[in-house]
Each structure stands twice: as C-alpha cells, then as structure tokens.
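Residue numbers begin at 1 in each chain, while the letters A, B, ... track the order of the sequences. The shown structure was predicted, so the numbers you read here are calculated from the model rather than taken from an experiment.
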Amino acid sequence: MYKAPRGTVDILPEEQAFWRYVEAKAAEVCQLYGYQRLDTPVFEEAALFTRSIGEGTDIVTKEMYVFKDRSGKQLALRPEGTAPVCRAYIEHGMDNLPQPVKLYYLAPAFRYERPQAGRYRQHYQFGCEAIGDGDPALDSEVIHMACQFFTSLGLKELTVQLNSIGCKSCRPEYIKALKGYYQERAADLCPDCKTRLEKNPLRLLDCKRQGCQHIADNSPRSTDYLCPECRSHFEVVTEFLRSLDLPFNFNHRLVRGLDYYTKTVFEVQPLAGGAQSALGGGGRYDDLIEQLGGKPTPAVGFAAGMDRVVLTLKKQGIPVPPLPLPEVFIAHLGNEAKGEAVKLAASLRSQGIGVVMASGDRSLKAQLRQANSLGTGYAIIIGEEEIKNRKLTLRNMVSGEQQSLTPAELRAVLGKGT
RNA sequence: GUGAGCGUAGCCGAGUGGUUUAAGGCGUCAGGUUGUGGCCCUGAAGAACGAGGGUUCGAAUCCCUCCGCUCACCCCA
C-alpha cells in the first residue's frame, strides 16, 4: 500500500476549516498592511538558496531537496520563502516601483529533516517581505503585523523575542568577542558547542544544554557591539514597539539559522511551548538583494509556520468557523423522480444554491440519513406524489417541518433563506 | 544524523506464546412493514494483528532487519 512520503501529510477535508481560516486571516492582515501576494515556483536554481541561506548552514548542507532536471540543471525544492521573493524582485525590476515593495506568500517549503511535532518535510509558510527601505519603522511594522496575524486568529499567550545582531561592519567585532569568551570556557562546553564554536559561533547562544546555559547567559551581547547606525536603528525599533504597546522580550541569545539576517531579528512563540514551538520569525536582511545580484537594497520580513499555527489553534481550543455546506439535499423515489431531481439540482445550482443530489437508488430513509449526516438545512423530496401534483416537498431538517411547494415557490423560499 | 517509546479493521482500542476461526466502541451499509433523518433496537461488511525473516509443536504476543509514527537532540516555520 502506498503511503504519503515520510514527513508529509494529507490535509483531509475535516482539517480544511483550520487551513482556510488561517489563510483567510493571513490575506486579511496583508490587505491591512498593504502587502500583495506573490506566488513563486516550488523549485528554483539550487544556487539561489545556497547563496542566500548560506553555504555552511544546515538547511543547505543537509536539508535541501536538490536534484538535476533532464538538462542537468541543479534545482532545489524551496526550503524557505525569502530568497525566491528577492529573486523575483530583482528579476522583474521591482526596484523601479515605489519603495518599499511589500509582498506576501502562502506556499509549501521543503526540508529533509527528521519529522517531529510541528516539523515536517513539506510544511507551509505564510511570509511577508518589505523590500527597498531601511526605515526602522518597517521593522516594527513587520513585528506588529506578525503579532496582529496571530492575535487575529485568536491565539493567546504569545511572546515576542527580539534582538539585534548588527550588520557586516559591526558583527565581525562581536563574533570575535563571542569566540574569545567561549574559547576561555571551551573545557566546559558540550560537544555540540565545541563544534559550533568553530562552525557557527552565533548558534552557541541558543544551546539548550543545562551546562551551557550559564555560559550563554553571561556571554557578550551583540547589542553591546552595535555600530552607531545599528544601535540607533535598534533603539528606534524598540521605541516604536513600545509606542504600539507591543510587549517584547529583549533576548540577547536569540539568533537565527539563516545567514542573511542583519540588525533586527525576532521570533514569536507561545508561552507554553515544546521544542518546536516557534510560530514564526523574521528580521532584517539588508545585504541579501545585493548578494543575489541586485542593487544594494534593504529589506525586512517574517515567516510563520502554518502547520504550527494550526497545531496551536487546536492546542488552545480556539474555534474556527465551519466551512459552508450545500444548503439542500435532494431525495428521489423512482426513475421519473430521479430525472426530475437531476434537472432541479442543476436549476438550483444555476441560482447559486448549493445542492447535493442523492445518487444511487436507496430508500428514502437512507437518503434522509445521508442528508442528516451532511448537515444540509433542507431536504427536497421528489416521488410519485410530487410528480403527479407538479409540486415538491421541502423538508426543513432542523425543525422537521414540511411543505408542499411548486417549483417557483421553492425557488422563492430557498432564495430568501440564503 | 543520534537516542528513547510505539505500530491490532476507516478511526479509537482489548488482547503480551495455545477455547483468538482476534473483544468492544465510533463510523459505514442494510433493516425495524406500505415514501421520511437526527434517539433507540437488530443485522451485515470490514483486520491473516506495519512489512519481511527467524525461534517454537504452536506467535498479534519472543528475537532480528526494514518501514512508519511520536518525543527529545541537531536544526528550523
């Protein structure tokens, strides 16, 4: 028997209400903040990601789905959404549009990882990017928008973690200080951290091991090494967040796994959460567009994991609106009636009324049971009597009341009710 | 990639070597007289017990391998 590949899931009809709800809220929030949707291909040239995310990152070295097409071109399934948006920005000359250009996407992303709660090989991201302006007001707006998205869904008890990791001019100084600090304590580090010290020193900060906690807590802070430009940028971001009454935790240990971030980085997570609980994160990436071949262009963005959002909605018991059902079920008895039912169904649908017609030739009892389990508000019954009288029986499935109506009367009643 | 737990019908789940030709519940289907749902009642279909191999007179129950799920690490949304 075939099964969905490891780390992938089918989103079944009974799950769809959650997803449609989240998608609708995402689109709503984007409209509110002036973001326009951009859909990019699921696959891109592999180099786009290795250049943007970083050659040495885990995403690139061990998680990307890379393959050659028949012409031998190296392609990769999109592991994240920012690089493709930047590629499209450059490719379509969006630097000629009024800046910043605000774009959003709802798209699957692919990473070859060991599946876990809230972590899949195919997952869905909602992301938005504001490209072309370095204004710190945009950083705070993006953070505000992220929070707006989560709270509009009804999610509760969220925290925003905020940090600034500087830019290419001040970060090297900080990395040096961080390395120096850790080198002195290398003997006390866990094995993972020993390799981090060489490979990716920033990641030392969010080691979860007991023994490394104390060391990380007291490590040098990136915010103490910011250049004047980055410092004032960060100050303005926090000032705006305060003026928006948006609570945040300054977290000097917050770093992100993608190389392109500069200055502001942030993450949103539920208060009570497991390991994979971050609902979304983002930050500024002022060097990325240039790195991908565009003009020097500042940008800021964020992405949310839709799967985790849905998971959290369920965990917090937040009700989502049910998906609309067809209003009417048509039951029929006998061949002639079935013919009438086919025509009636088509005619009601052409009026915009949703109809499920009983298929097969089952007993009326069975047909009404089906109507009941579908949850349609009405059932129409067509049998010999109705055909003889040129009328239809309309049964209200909630009250159980029935009336005998002509087709015209029926249309009037149903048209009014919907 | 590492470590731990788990895997019985569509779903939940009993059963841990021999009256198991594998409970029960939900769901599905059909009935409970002649054309009527939701409650109730009856009946039916549906599983060689994740896959493959092994131990044994005998395995869903023990062992091995693989696959998958869950959790933690790694990493990230």
Looking only at side-chain N and O atoms, does A:Arg369 come under 4.0 Å of OP1 or OP2 in B:rA30?
no

Worked check of ring pair (Phe, Tyr, Trp, His ring centres under 6.0 Å) between A:Tyr104 and A:Tyr35
CA-CA 6 Å; A:Tyr104 81 95; A:Tyr35 284 73; 7.6 Å; no

Rounded to whole Å, please give me the gap between CZ in A:Phe126 and P in B:rC76.
22 Å

Value in whole Å for how far the P atom of B:rC39 lies from CG of A:Leu368:
14 Å

Let me know the distance between CG of A:Asn372 and C1' of B:rU28, rounded to the nearest Å.
15 Å

Should A:Arg114 be listed as having a side-chain N or O under 4.0 Å from OP1 or OP2 of B:rA72?
no

Gap between atoms CG and C1', on A:Asp10 and B:rG68 respectively (whole Å)
14 Å

Rounded to whole Å, CZ of A:Arg119 lies from C1' of B:rC73 at a distance of 9 Å

To the nearest 0.5 Å, how far apart are CD in A:Gln367 and CE in A:Met357?
8.5 Å

Suppose we define a pair by two distances each less than 3.5 Å, Watson-Crick or G-U wobble; what does B:rA44 pair with here?
B:rU28

Using whole Å, what does the distance between atom C1' of nucleotide B:rU2 and atom CG of A:Asp58 come to?
14 Å

Interatomic distance, A:Asn200 atom CG to A:Ile175 atom CD1 [nearest 0.5 angstrom]
8.0 Å

Taking a pair to mean Watson-Crick or G-U wobble geometry with both distances below 3.5 Å, B:rA4 pairs with B:rU70

So what's B:rU56 paired with, Watson-Crick or G-U wobble, going by both distances under 3.5 Å?
none

Can you measure A:Arg362 atom CZ to B:rU36 atom P for me and round it to whole angstrom units?
15 Å

Report yes or no: does A:Arg395 contribute a side-chain atom to a donor-acceptor pair with the main-chain N or O of A:Gln402 at less than 3.5 Å?
no

